[in-house]
Amino acid sequence: MGIAEPDASDSYDVIVLGAGAGGMAAAVVAASEGLKTLVIEKTDYVGGTTALSGGMVWVPNNSKMEASGLSDRPEDAQAYLDATAGQGGTGGDCAALRQIFLAEAPGAIDYFDRNSHVHLVPLAFYPDYYPDKPGATLGGRVMEPLALDARELGDSFKLLRPPLPEFTLFGGMMVARPDIAHFRGIFRSPASALKVARLILSYAVDRTRLHRGANLVLGNALAGRLLKSLLALGVPIRRNTVTNRLIAEDRRIVGIEIATPSGPSVIEARRGVVLAAGGFSHSPDLRARYLPGEAGMYSAAAEGNSGDGLKLALAAGAGVPSDNASNAFWAPVSCFTRTDGSTGVYPHTVTDRGKPGMLAVNQDGRRFTNESNSYHDFVQAMFRSHNHSPTIPSHLLCDRRSLWQYGLGAVKPMALRLAPYLRSGYLVKASSLGELAQKIGVDPGHLAETVTTYNADAVRGEDTAFGRGSNAYHKYVGDPAIQPNPCMRPVQTPPFFAVTLYPGDLGTAAGVQTGGNGEVLGRDGEPIPGLYACGNDMNSVMAGNYPGPGITLGPALVFGYLAAMHLARGG
């Protein structure tokens with residue numbers, strides 16, 4: 001199964017710029033509704049940041065919850081978003097867009113289920129990030145894609161962006177979320193050992209024919225399912241193609257100009273153009289314009305997300321709201337050099353930071369936040385703390401026992417070889433906490449005091465400083481085998497280890513202002529005819545807040561769907 005070749009006529013109904021979740025979703029719907037559709041992708045790969053992500057999709061009141069014995073109500077979801085995403089975004093009318101999202105999301109997901117290969121299932125237990133807020137749920141709103149056998153993509157499998165190497169095993173084996181527990185229990189449970197053996201054997205068979213494992217899960221499965229849908233619909237994807245400018249006639253967008261080896265070329269878009277180029281995570285000038293200076297250039301987003309869509313929209317007269325609570329979706333990251341010489345940026349989301357025996361300290365050797373809070377909140381705390389005490393960068397530390405069980409950043413659990421990480425300086429090792437303090441440059445007395453207080457709290461099961469382990473989300477990212485607090489355990493088994501943390505982003509939240517169907521609005525507040533945006537090119541409907549897992553992919557799919565349906569109706 002191969003990607004269709006672009007039509008020689010260079011004339012389409014719809015052109016979509018970007019092959020991430022939002023862009024591919026818009027293309028799938030447009031083609032399903034009978035529109036001649038073309039996808040333009042700047043990089044060599046399809047999938048964008050979605051392919052690197054956990055693939056969670058936040059869909060309140062989705063139709064599959066009831067079948068799973070779960071319940072939700074639109075008014076509860078509205079109350080939850082009012083409590084958690086109501087700050088910022090008033091000028092961009094984010095509140096109205098959130099209402100549209102809540103109303104349209106269940107139907108959009110059902111549309112994909114019926115008309116494409118995109119199939120999502122709710123997770124019975126995956127709490128919203130603020131489970132004590134009004135309207136929060138402990139499960140069901142978070143959906144994940146069904147696993148996909150990559151062989152169903154045929155030759156196009158090699159075009160799907162691979163996951164981060166640090167999130168795979170043996171050079172290309174993806175591990176589904178439920179199977180992580182089996183890998184951790186491989187030496188304790190015969191059933192887990194058998195499960196792991198079967199997974200490894202299946203992967204070994206895959207590698208006799210494929211460049212990596214065929215069992216696609218998480219964001220790679222979502223991107224793969226969207227790609228499979230485009231292949232089935234015969235939608236051409238033009239890769240390695242840069243869009244120079246939008247073509248306008250009487251303010252209406254009627255096409256694009258692309259760069260080709262033989263010079264600029266114009267492609268007509270009879271109905272319109274959808275911007276879905278992934279935001280501006282790798283654009284130095286846009287980061288300087290919209291993000292805090294302390295953020296630097298650290299991003300876990302796909303390398304092609306350099307603001308192309310936003311720049312095209314601004315040139316066409318689009319507006320960007322100025323009142324988001326945040327202009328990026330944050331996560332602490334650690335940085336290293338891979339064996340192939342490439343730079344690795346590891347996002348510390350849920351695999352290590354909230355686990356027992358993990359401790360984050362600033363440059364004074366003191367804790368500054370609850371390590372079990374969401375990754376977005378963690379970085380916001382870094383910014384706040386840095387205003388009065390050096391906190392950028394910070395350090396995440398643990399002892400030998402926690403390193404073995406949970407890993408630390410790019411160092412995987414049960415890692416047998418630490419030498420490469422130690423030689424590069426990514427991982428710092430010390431025989432005592434005093435030595436560790438010296439090596440990472442923090443005050444030894446403060447660090448000793450911090451760890452002593454933390455250890456005493458861990459024994460009691462109560463974090464007196466920040467309340468770690470006090471809600472359902474904290475407990476979810478902890479380890480239920482550890483009691484009385486699944487998020488805390490004394491740091492006491494030498495040697496001790498640390499990695500350095502920086503503020504990083506998973507994607508940008510600031511984007512062009514849109515109407516309820518994804519129509520790009522000009523600075524005068526009126527729609528720019530023929531121009532739409534979704535994904536991270538569209539300003540976050542959450543106004544830069546992060547209420548739960550999948551609050552970027554959920555709106556990306558839904559507004560990609562709404563934009564395409566609006567185009568199908570004539571725009």
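Values below: all heavy atoms of this structure, side chains included; hydrogens, waters and symmetry mates excluded.
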Selection residues 307-318 - residue pairs positive for salt bridge (Lys or Arg N to Asp or Glu O under 4.0 Å), sequence neighbours left out: Lys42-Asp308, Asp285-Lys311

Table please: side-chain donor-acceptor pairs of residues 549-557 below 3.5 Å, with sequence neighbours left out.
none

Interatomic distance, OG1@Thr369 vs CE@Met382, rounded to 0.5 Å, equals 10.5 Å

Between Phe378 and Phe368, does a ring-ring contact (aromatic ring centres under 6.0 Å, His included) hold up when you go through it step by step? CA-CA 9 Å; Phe378 186 95; Phe368 56 91; 5.5 Å; yes

So, applying salt bridge (Lys or Arg N to Asp or Glu O under 4.0 Å) with Asp463, which one of Arg367, Arg468, Arg489 is it? Arg367

Yes or no on side chain to side chain contact (heavy atoms under 4.5 Å, CB included) for Tyr406 and Asp479, after CA distance, side-chain angles and deciding distance? CA-CA 10 Å; Tyr406 311 117; Asp479 183 345; 2.7 Å; yes

Parallel, tilted or perpendicular for Tyr546 and Tyr375, by the 30°/60° rule? perpendicular

Side chain proximity check, Tyr129 to Asp377, heavy atoms < 4.5 angstrom: no

Between Gly478 and Cys487, the two heavy atoms sitting closest are CA-SG, 4.3 Å

Would you confirm whether His386, through its side chain, and Ile392, through its main-chain N or O, come within 3.5 Å as a donor-acceptor pair? yes

Closest non-hydrogen atom pair, Val512 against Ala533: CG2-CB, 3.6 Å

Greater than 12 external heavy atoms within 6.0 Å of Lys133's NZ: no

Hey, is NZ on Lys429 packed in by over 12 heavy atoms from elsewhere, all under 6.0 Å? no

How many angstroms lie between atom CG of Leu52 and atom CG of Asn220, to the nearest 0.5 angstrom? 8.0 Å

Got a donor-acceptor contact below 3.5 angstrom from the Thr49 side chain to the Ala302 backbone? yes

For Arg353 and Met358, run side chain to side chain contact (heavy atoms under 4.5 Å, CB included): C-alpha distance rounded to whole Å, both residues' side-chain angles, the deciding distance at 0.1 Å, then the answer. CA-CA 6 Å; Arg353 183 174 42 82; Met358 297 284 172; 5.8 Å; no

Shortest non-hydrogen contact between Ile482 and Pro356, atoms and distance: CG1-CG, 3.7 Å

Tyr45, OH atom: more than 12 neighbouring heavy atoms under 6.0 Å: no

Show your working on side chain to side chain contact (heavy atoms under 4.5 Å, CB included) between Ser402 and Val491 and close with a plain yes or no. CA-CA 8 Å; Ser402 291; Val491 178; over 6 Å; no

Is it true that the side chains of Ser394 and Asn362 contain a donor and an acceptor less than 3.5 Å apart? no

Plane angle bin for Tyr130 and Tyr80 - parallel if under 30°, tilted between 30 and 60°, otherwise perpendicular: tilted

Output yes when a side-chain donor or acceptor of Arg400 lies under 3.5 Å from a complementary backbone atom of Pro495, and no otherwise. no

Within this structure, what is the CE-CG distance for the pair Met542 and Leu97, rounded to the nearest 0.5 Å? 10.5 Å

I want to know whether Tyr454 and Phe466 have ring centres closer than 6.0 Å. no

If you measure from the Lys or Arg side-chain nitrogens to the Asp or Glu carboxylate oxygens, is any gap between Lys355 and Asp352 under 4.0 Å? no

Centre-to-centre under 6.0 Å for Tyr421 and Phe336, is that the case here? no

When the aromatic ring centroids of Tyr346 and Tyr502 are compared, is their separation below 6.0 Å? no

Separation between OG1 of Thr514 and CG of Asp537, rounded to the nearest 0.5 Å: 11.0 Å

Within the 3.5 Å criterion, strictly below it, is a donor on Ser281 or Asn305 matched to an acceptor on the partner's side chain? no

Pairing donors with acceptors under 3.5 angstrom, does anything connect the side chains of Ser334 and Tyr426? yes

Passes side chain to side chain contact (heavy atoms under 4.5 Å, CB included), Val350 versus Tyr473? Steps please. CA-CA 11 Å; Val350 298; Tyr473 178 69; 3.8 Å; yes

Just by modelled atom types, is the Asp399 backbone N or O under 3.5 Å from a matching donor or acceptor in the Thr493 side chain? no

Ala437 to Leu447 - nearest heavy-atom pair and separation: CB-CD2, 3.7 Å

Is a donor on one side and an acceptor on the other found under 3.5 Å between the side chain of Gln363 and the backbone of Pro393? yes

For Thr464 and Glu462, which I'm curious about, is there any donor-acceptor pair between the side chains at under 3.5 Å? no

